[in-house]
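Here is the naming used below: chain letters follow the sequence lines, and residue numbers restart at 1 for every chain. We use all heavy atoms of the structure for the numbers below, so side chains are in, but hydrogens, waters and symmetry mates are not.
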Amino acid sequence: EPEVTQTPSHQVTQMGQEVILRCVPISNHLYFYWYRQILGQKVEFLVSFYNNEISEKSEIFDDQFSVERPDGSNFTLKIRSTKLEDSAMYFCASSLGLDETEQFFGPGTRLTVL
Amino acid sequence: SQKIEQNSEALNIQEGKTATLTCNYTNYSPAYLQWYRQDPGRGPVFLLLIRENEKEKRKERLKVTFDTTLKQSLFHITASQPADSATYLCALDIFSGGSYIPTFGRGTSLIVHP
């Protein structure tokens, strides 16, 4: 069964460093998403991406974040200058359509900022 | 502001009983609502989607109801098993910052005792 994959599974970085989190969505899906979940808290939407551009973003997704689909398979989230409060689990998801379609989530990348 | 509320207290039930989880939302009339399951350290897994014109939806041992007057969805697991133990999240699109953002509740932890 096709699945969303994410790498790395765990990333440790120093405050102020740039990190790139990578995702490979399901191959025939058209919509891609990033979410984060701080330990013990709810899953929070960051951004959605369609047709090579951002379609929606939340207030969390500020100028330090960016997303890219550099080739036909990868979808990346870059955090330019990490802060301690960026420590969280980051989930990538993809879906075939937009509204009223299920999102398939990846296993997540645990980001620890020291 | 628009909110999604799920019971933060864990629900403990005996194997074989029916588990009922509640999702309430405020100030909004969503076109649809989704339920996901999340296991510790894993990404959410889609379970069911129910539309505003549907009162009830079933899938195997799962049943979801959607009362747009009460602004409430109920999620039932019949003949519960210890393997059903997980956190269950409801999700809907909430209007925020000028666009509709996929928004998850905090989730309710279900513990099924053998």
Point to revise | Side chain, backbone, both or neither of A/Q6 within contact of chain B (heavy atoms, under 4.5 Å) | key: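 Looking at A/Q6, nothing touches chain B.
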
Examine whether an atom of A/Y35 lies under 4.5 Å from a heavy atom of chain B, and if so say whether it belongs to the side chain, the backbone or both; otherwise answer neither.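 When you check distances to chain B, only side chain atoms of A/Y35 fall under 4.5 Å.
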
When B/A91, B/G105, B/P44, B/G43 are compared by non-hydrogen pairs under 4.5 Å with chain A, the top option: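 The answer is B/P44.
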
Heaviest contributor of heavy-atom pairs below 4.5 Å to chain A, chosen from B/V45, B/L89, B/T103, B/I101, is B/I101

Margin query: Can you see whether B/Q34 engages A/Q103 through a side-chain donor-acceptor pair at a distance of less than 3.5 angstrom?
Written below: no

Would you please say whether a donor-acceptor pair under 3.5 Å links the side chains of A/S95 and A/H29? no

Tell me, side chain or backbone of [X] under 4.5 Å from chain A's heavy atoms, or both, or neither?
X: B/Q6; value: neither
X: B/L47; value: neither
X: B/R42; value: backbone

Does A/K83 come within less than 4.0 Å of A/E85, counting only side-chain N to carboxylate O?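 No.
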
Quiz prompt | Nearest heavy-atom neighbours spanning A/I54 and A/F49 | solution =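 Where A/I54 meets A/F49 most closely, the heavy atoms are N-CD1, 3.8 Å.
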
Main-chain N/O of A/P8 paired to A/T109 side chain as donor or acceptor, under 3.5 Å =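 Present.
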
Margin query: Check the orientation of A/Y90 and A/F65. Use parallel for under 30°, tilted for 30 to 60°, and perpendicular for over 60°.
Written below: tilted

